[in-house]
Amino acid sequence: MDYWSKLYIPTLKETPAEAEIDSHKLLLRAGLVRKIGSGIYAFLPLGAKVLENVKRLCCEEMNRAGAMELLMPAVVPAEYWKAGPRWNAAREIMYQVASAGEKAEFPEEPTFVLGPTHEEIITPLIGGEATSYRDMGKTFYQVQTKFRNEIRPRYGLMRAREFIMKDGYSFDATDEEATATYQNIAKAYERFFARCGLKFISVEADTGVMGGAFSHEFMVPAEVGDDDVVYNIESGYAANVEKATSALVPADLEDAAAVGEIEKFETPGVKTIEKLAQEPFNIPADQQYKTLLFVGDDKLFAVVVRGCDQVEEAKLGSLGYSLIRPATVDEIFEAMGAYPGSLGAVKGTIKNREKLDGIFGDNAIRLIGNGVTGANEKAMHLKNVNVVRDLDIDRFGDFRKVQAGEPCPVSGKPLEIQRAIEVGHIFKLGTKYSENEEYGAQYVDKDGNRQAAVMGCYGIGISRTLQSIIEQKHDGNGIVWPWSVAPYQVIITVLDPGMEEADTLALKLGEAAEAAGASVLVDDREERPGVKFKDADLIGIPLRLTIGGRGLKNGEVEMKWRDRDEVQKVAIADAESVLVEGIKAKS
RNA sequence: CGGGGUGUAGCUUAGCCUGGUAGAGCGCCUGGUUUGGGACCAGGAGGUCGAAGGUUCGAAUCCUUUCACCCCGACCA
């Protein structure tokens, strides 16, 4: 049982100007965190308590799933990363650590880095010693501060440069066992997020730089999220927009026959899809081919989509390049002989075709059949361009961003899109990290053959989950903590501290609540009642017990749940049993 | 990295255009009156106006440089 007057809970009446979204404002106003720098936060005592609660729930569910907690270093020798498969892609987000002291050096190549994630550490750590098939079927996890040089930290703990993460890693002997482990952890994740009181959905996700066979994200629907989730409730289909597909292009679609010879026509001043869609040309965007150039691992390539579609850059990952960026205007001109706005992929019109490592066509352009595209000449376009006959496509694939209303790939019903916060992400990695002989993780199977362990990795943003709970559980008065993570579960608001009868009753009921398993905060401050009620609401304690002189005179105390409006008056004689009953119902 | 914006007391901010003793509200401290949803009165503490340089008799205010932070975009495991 803690007494407010002995604690440090600096609540704020006014919102600091730095906070934009409700959960960030409440983190600050309720005295949970304070900013130290951009994307760098300190947890104050109350915030530390919630963090600990979220962490504990996570550990409980991981343990229940059979995983083992360990702890790896945050400062990591850079060789570990250099030996791994993604040093080039990942180094930009890693903070470097120089040697220390007066003779500190800051070499071009980092000596140490601050760990942004730990595949590169655990693979040699466990893989180097786990040498028998008997050592497989193990899952490890840790809860640790992670460091990532986010280009733009945002919204308090939502996207921070230093944050608390639970990261887990599994090693299995076979692909089937690895899939079973993956599904087992996915269930643990669902239990964890449910216990946090969150509404969430799990969606198919892009594997990104992490790589691997497949992946799911755990998403908390919220307008302030950074991701778009594509879903259909009836069919249960749900995927990150980076990964989502639709049934827009029928599987049995027959390619249109050519309708006539290609015709070049003048389009003075036309550099955009919209311009071409207007008078006097009137060519709808969905009848135009849009040609975009990218650079993948220093090689130029082109992607052709419909004029009305957007390229989903995450999907370009399937092309096999490890680093992709849009091409510059100069690079485009050198290859195509034209500038953006006049580009096209028609055979024979590209000035330096050999400079293009490939031309990739989105499946949906087949819906156009015969359409219009740039002539790779200023102010000229081509019509009657037939997909099969005329376009110089090396390979078709799914490269476009799905839009709301398109048919669900499972049910054909319209897809919906919802903003969401990514709080967890799991990957079935396969053997990407384990197959390397020197660095990786191999074991010897029953038949004496050397095999690469089949790995998985599993992340939960603990501090981000904390803020997501606030984002989803708050009202105009403050936070509404779920019982499971609340910093205190019961607050006893003593309106007349110093009145012996009130203090004695508070102590008695507080002890009873603790005996029933609840954590208790007694507000014994010399403040007016209004201040205490406002503060109790702001910091979001689930159950409030009010003891005041007026009530005592009538022989009663008040009980109020933070997430309900009604106030329950309870006779002092019954108070203990009613309180304990309420606590038992929650635990 | 591109675009926009802000730095004045613990928090919210006025003053800046048009240079002339740095102001208010909240919070804090003392005393008093209050006491069931962020009380009132009186008194008080707290600021090198983000930093450096310049112009000027004089700079929070004008100029230059720089740093930090916020928002949008790009990026994002």
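Reminder, nothing fancy here: chain letters follow the sequence lines and each chain counts from 1.
- Nucleotide B/C1 forms a Watson-Crick or G-U wobble pair with B/G73, both donor-acceptor distances falling under 3.5 Å.
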Practice task
Could you please spell out the steps behind the side chain to side chain contact (heavy atoms under 4.5 Å, CB included) verdict for A/E14 and A/R29?
Solution key: CA-CA 7 Å; A/E14 284 172 298; A/R29 285 193 55 213; over 6 Å; no

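- A/G551 comes within 4.0 angstrom of a nucleotide base, judged by non-hydrogen atoms across all strands.
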Exercise for the section: Go through A/S170 and A/D172 one step at a time and tell me if the side chain to side chain contact (heavy atoms under 4.5 Å, CB included) criterion holds. Expected result: CA-CA 7 Å; A/S170 65; A/D172 278 293; 4.3 Å; yes

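- The interatomic distance linking A/R562 (CZ) with B/G37 (P) rounds to 16 Å, in whole Å.
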Within the sub-3.5 Å range, which N or O atoms of nucleotides 70-74 of chain B have a protein N or O partner, and how far apart are they?
{"residue": "B/C70", "atom": "OP2", "partner": "A/S38", "partner atom": "OG", "Å": "2.8"}
{"residue": "B/C72", "atom": "OP1", "partner": "A/R154", "partner atom": "NH1", "Å": "3.1"}
{"residue": "B/C72", "atom": "OP1", "partner": "A/Y155", "partner atom": "OH", "Å": "3.2"}
{"residue": "B/C72", "atom": "OP2", "partner": "A/R152", "partner atom": "NH1", "Å": "3.0"}
{"residue": "B/C72", "atom": "OP2", "partner": "A/R152", "partner atom": "NH2", "Å": "2.6"}
{"residue": "B/C72", "atom": "OP2", "partner": "A/R154", "partner atom": "NH1", "Å": "3.1"}

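- Partner A/F294 forms a ring pair (Phe, Tyr, Trp, His ring centres under 6.0 Å) with one of A/F399, A/Y321, A/F360, A/F301 and no other, that one being A/F301.
- For B/G2 and B/A9, the P atoms lie 30 Å apart once the distance is rounded to whole Å.
- Using a 4.5 Å heavy-atom threshold, the side chains of A/M455 and A/T123 count as touching.
- Nucleotide B/A39 is matched to B/U33 when pairs are restricted to Watson-Crick or G-U wobble geometry with both distances under 3.5 angstrom.
- Taking atom C1' on both nucleotides, B/C67 is separated from B/A45 by 31 Å, rounded to a whole Å.
- If you check B/A24 for Watson-Crick or wobble pairing at under 3.5 angstrom, you find it paired to B/U12.
- The gap from the P atom of B/C26 to that of B/A22 amounts to 23 Å, rounded to the nearest Å.
- Taking atom C1' on both nucleotides, B/G19 is separated from B/C57 by 12 Å, rounded to a whole Å.
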Problem - CA sep, side-chain torsions, deciding dist, call: A/D523, A/T493, side-chain hydrogen bond (donor to acceptor under 3.5 Å, both in side chains) - result: CA-CA 5 Å; A/D523 189 353; A/T493 302; 5.1 Å; no

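- A distance of about 14 Å separates the P atoms of B/A59 and B/C17, rounded to the whole Å.
- Here the closest heavy-atom approach between residue A/F171 and residue A/A453 is recorded as CD2-CB, 4.1 Å.
- Under the Watson-Crick or G-U wobble criterion, with both distances below 3.5 Å, B/G7 is paired with B/C67.
- A/E150 has its CD atom 15 Å from the C1' atom of B/C1, to the nearest Å.
- For the pair A/R525 CZ and B/G38 P, the computed distance is 14 Å after rounding to whole Å.
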Practice task
Kindly determine whether A/D297 and A/K299 satisfy salt bridge (charged side-chain N to carboxylate O under 4.0 Å, His left out), including the steps that lead there.
Solution key: CA-CA 6 Å; A/D297 301 338; A/K299 283 177 279 193; over 6 Å; no

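- With hydrogens and angles ignored, no donor-acceptor pair under 3.5 angstrom links the side chain of A/R29 to the base of B/G27.
- In this structure, the nucleotide among B/G37, B/A77, B/C11 sitting nearest to the side chain of A/R544 is B/G37.
- Taken to the nearest 0.5 Å, the CG atom of A/D496 stands 8.0 Å off from the CG atom of A/L552.
- Distance noted for atom P between B/G53 and B/U18: 26 Å (whole Å).
- Closest approach to the A/D535 side chain among B/G37, B/G38, B/C11 is made by B/G38 (side chain taken as heavy atoms from C-beta onward).
- When distances run from any side-chain atom of A/R528 to the nucleotides B/U34, B/G38, B/A77, the shortest one goes to B/U34.
- Computed from coordinates, the A/E566 CD to B/G37 P distance equals 19 Å when rounded to whole Å.
- With hydrogens and angles ignored, no donor-acceptor pair closer than 3.5 Å exists between the side chain of A/E14 and the base of B/G27.
- In this structure, A/D496 reaches neither bases nor backbone, as no heavy-atom distance under 4.0 Å exists between it and the strands shown.
- When the C1' atom is used for both B/A52 and B/G7, the distance is 16 Å, rounded to whole Å.
- Look at CD1 on A/I93: it is 8 Å from P on B/A77, rounded to the nearest Å.
- Two residues, A/E558 and A/D226, neighbour RNA chain B, and the one matched to the more 5' nucleotide by heavy-atom proximity is A/E558.
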Practice task
Could you check A/H425 against A/F427 for ring-ring contact (aromatic ring centres under 6.0 Å, His included), going step by step and ending with a plain yes or no?
Solution key: CA-CA 7 Å; A/H425 200 161; A/F427 300 80; 4.0 Å; yes

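- Taking the side chain of A/T546 as heavy atoms from C-beta on, and the options B/G37, B/G38, B/G36, the nearest nucleotide is B/G36.
- Put simply, CG on A/L429 is 11 Å from C1' on B/A77, counting in whole angstrom units.
- The P atoms of B/C11 and B/C69 are separated by 15 Å, rounded to the nearest whole Å.
- To the nearest angstrom, C1' of B/A77 lies 10 Å from CD of A/E120.
- Nucleotide B/U34 holds its C1' atom 15 Å from the CG atom of A/L495, rounded to whole Å.
- Checked against B/G38, B/C28, B/U34, the side chain of A/E527 finds its nearest nucleotide in B/C28.
- Checked by distance alone, A/D537 brings a side-chain donor or acceptor within 3.5 Å of a matching partner on the base of B/G37.
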Practice task
Evaluate side chain to side chain contact (heavy atoms under 4.5 Å, CB included) for A/E566 paired with A/W561, printing each intermediate quantity in order.
Solution key: CA-CA 8 Å; A/E566 62 278 14; A/W561 294 93; over 6 Å; no

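- Contacts of A/R34 with the nucleic acid, taken as non-hydrogen atoms under 4.0 Å apart, are absent.
- Residue A/K13 has a polar side-chain atom (N or O) positioned under 4.0 Å from OP1 or OP2 of B/G27.
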